[in-house]
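Structure, as structure tokens:
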Amino acid sequence: MAPTPDSPKPATIYDVARQAGVSASTVSRAFARPGRVSFATAEKIRAVAAELGYRSVDVRRTMAEGRQRHGTIALVIADISNPVFFDMIRGAEEEAAKNGYTMLLAHTRESGIVEREAIERAMGIVDGIVLSSSRMSDAAIRAMAKQKPTLVMNRGVSGVASVVTDNARGMRRVVEHLGELGHREIAYLAGPEASWAHGMRWRSLKEGALELGLRVNLVECPEPTRDGGGAVAEQVLDSGVTAVVGYNDQLAVGFMRRAQASGYDVPGDVSVIGFDNSVVAELAHPGLTTVAAPLHALGSAAVRNLLVISQGGIQIPARPVVLPTRLVVRASTGQPRV
């Protein structure tokens, strides 16, 4: 006898597979072993399952199995050669070890495609994932977070836990410092277009400059490295600005070295400021004025919050956890020559 409207036949794994256009085994893996199914396919399967009301005991069982403890956390880094990540990695690793976890490090070479592939390979063998300076889209990150506990560093993504530094306050102090020294023309060496931190820093710098009556121009750089900063030095120096602010310390130091090699005095002819207070800032000559971000604390806070979330201890916060920044003034900034 056919089921009545009041007692509909429960949807099966085969119904979900047919509707999603995949095999039943793929549906099973999407719930039990999400790391073996692509983000897009897993999302489609989950959407179809929700639409059909697929809530069988098997799904709950396999999802529980997918949450078994592996004792491993993945930390995904955009550019491992950038010193800014050194203290982040140390902070994350120490926090993981303190809680009995081993940390798996993945280097994505500033590529969203490489990042996605690395995560898919790690998904089935880790208990959670920390993304640092992710180059993936917000939608891709949210899809991933539905499959595995996820926390994002240096970026805010709606619906996903995140820990960031106070970019706005840091850039505000940069503008105030340059304004107090008497600078009126500033160049900003831009970070990667896909970088959330770059967007926040550029917006904050513009807003601060507008309030103080300063002019600031964005200079696109080929890459967020010392080579990238050096590549645009001639263009920036020819523009006549008296101060340069880098998206990070790498760009700022690269620009400063090329300017000095071309006969310019820092800070006599041009003042230079970076962001992050990485090891290269203190070793540069002259020492680089920069915004200090609590990098070690950022890494440890990221892992600590991820573990709490993965154990069901808290809900995803509506806003990112914001850690304070401060301006470290060194010899690379001074009054402009009249």
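Keep in mind the model is a prediction, meaning the values are calculated, not measured.
For the pair V126/H70, no side-chain contact is recorded, criterion being any heavy-atom separation below 4.5 Å from C-beta on. For the pair V175 and V245, the minimum side-chain heavy-atom distance is 4.5 Å or more. Between D138 and R155 the shortest side-chain heavy-atom distance falls below 4.5 Å. Between C221 and F255 the shortest side-chain heavy-atom distance does not fall below 4.5 Å. Contact check for P267 versus S332: no side-chain heavy atoms found under the 4.5 Å cut-off. The shortest side-chain heavy-atom distance between V164 and P320 falls under the 4.5 Å cut-off. A 4.5 Å side-chain heavy-atom check between V174 and I186 finds every atom pair outside the cut-off. The side-chain heavy atoms of P192 and E223, taken from C-beta on, include no pair separated by under 4.5 Å.
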### Query
Between S158 and R142, does a side-chain contact (heavy atoms from CB on, under 4.5 Å) hold up when you go through it step by step?
CA-CA 8 Å; S158 175; R142 280 193 288 266; 3.9 Å; yes

### Message
Working note: K148 + D127, criterion side-chain contact (heavy atoms from CB on, under 4.5 Å); need CA distance, chi angles, decisive distance, verdict.
### Response
CA-CA 7 Å; K148 187 70 65 173; D127 297 308; 5.8 Å; no

### Task
Would you sort out whether S204 and N167 count as a side chain to side chain donor-acceptor pair (under 3.5 Å), showing the intermediate values?
CA-CA 8 Å; S204 300; N167 291 282; over 6 Å; no

#### Entry: L75 and M153: CA distance, side-chain angles, deciding distance, side-chain contact (heavy atoms from CB on, under 4.5 Å) verdict
CA-CA 10 Å; L75 174 61; M153 283 197 292; 3.9 Å; yes

### Message
Test side-chain contact (heavy atoms from CB on, under 4.5 Å) on E193 and E220; report intermediate values, then the result.
### Response
CA-CA 9 Å; E193 186 176 355; E220 294 184 358; over 6 Å; no

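Listed by first and then second residue, the ring pair (Phe, Tyr, Trp, His ring centres under 6.0 Å) pairs involving residues 274-311 amount to none (not counting sequence neighbours). Here ring pair (Phe, Tyr, Trp, His ring centres under 6.0 Å) pairs that include residues 178-206, with residues two or more places apart or in two chains, are Y188-H198, Y188-W202.
Counting only N and O atoms by type, the side chains of S262 and E234 include no donor and acceptor under 3.5 Å apart. Residues T290 and D249 have side chains that bring a donor and an acceptor to within less than 3.5 angstrom of each other. No hydrogens or angles considered: a donor-acceptor pair under 3.5 Å links the side chains of H177 and T333.
Judged by distance alone, the side chain of N82 and the main-chain N or O of V84 form a donor-acceptor pair under 3.5 Å. Without hydrogens or angle criteria, S300 side chain to A92 main chain gives no donor-acceptor distance under 3.5 Å. Without hydrogens or angle criteria, R201 side chain to Y247 main chain gives a donor-acceptor distance under 3.5 Å.
A continuous path of ILVMFWY side-chain contacts below 4.5 Å connects V321 to M88, so both sit in one hydrophobic cluster.
Of the candidates L323, D166, N277, L323 is the only one forming a side chain to side chain contact (heavy atoms under 4.5 Å, CB included) with P294. Results of the side chain to side chain contact (heavy atoms under 4.5 Å, CB included) test with V244 over V219, L251, V270 single out V270 as the only residue that passes.
Atom CG of L212 sits in a crowded spot, with more than 12 heavy atoms from other residues, nucleotides or ligands closer than 6.0 Å. Heavy-atom contacts from other residues, nucleotides or ligands closer than 6.0 Å to CZ of R258 number 12 or fewer. Counted within 6.0 Å of CD on E176, heavy atoms from surrounding residues, nucleotides or ligands total more than 12; the atom is thus considered enclosed.
Among residues two or more places apart in sequence or in another chain, the side chain to side chain donor-acceptor pair (under 3.5 Å) test is passed with R226 by Q250.
One finds no salt bridge joining E94 and K98 here, because no Lys/Arg side-chain nitrogen approaches an Asp/Glu carboxylate oxygen to under 4.0 Å. The residues R304 and E95 are annotated as salt-bridged, a charged nitrogen and a carboxylate oxygen being separated by less than 4.0 angstrom.
Atom CD1 of I119 and atom CG of L131 lie 4.5 Å apart (nearest 0.5 Å). The NZ atom of K206 sits 11.5 Å away from the CG atom of N217 when rounded to the nearest 0.5 Å. In this structure, M200 CE and L205 CG are separated by 12.5 Å, a value rounded to the nearest 0.5 Å. Considering CD1 of I80 and OG of S132, their distance stands at 11.0 Å, rounded to 0.5 Å. Between the OG1 atom in T325 and the CG atom in D276 there is a gap of 10.5 Å [rounded to 0.5 Å]. In this structure, D265 CG and S271 OG are separated by 9.5 Å, a value rounded to the nearest 0.5 Å.
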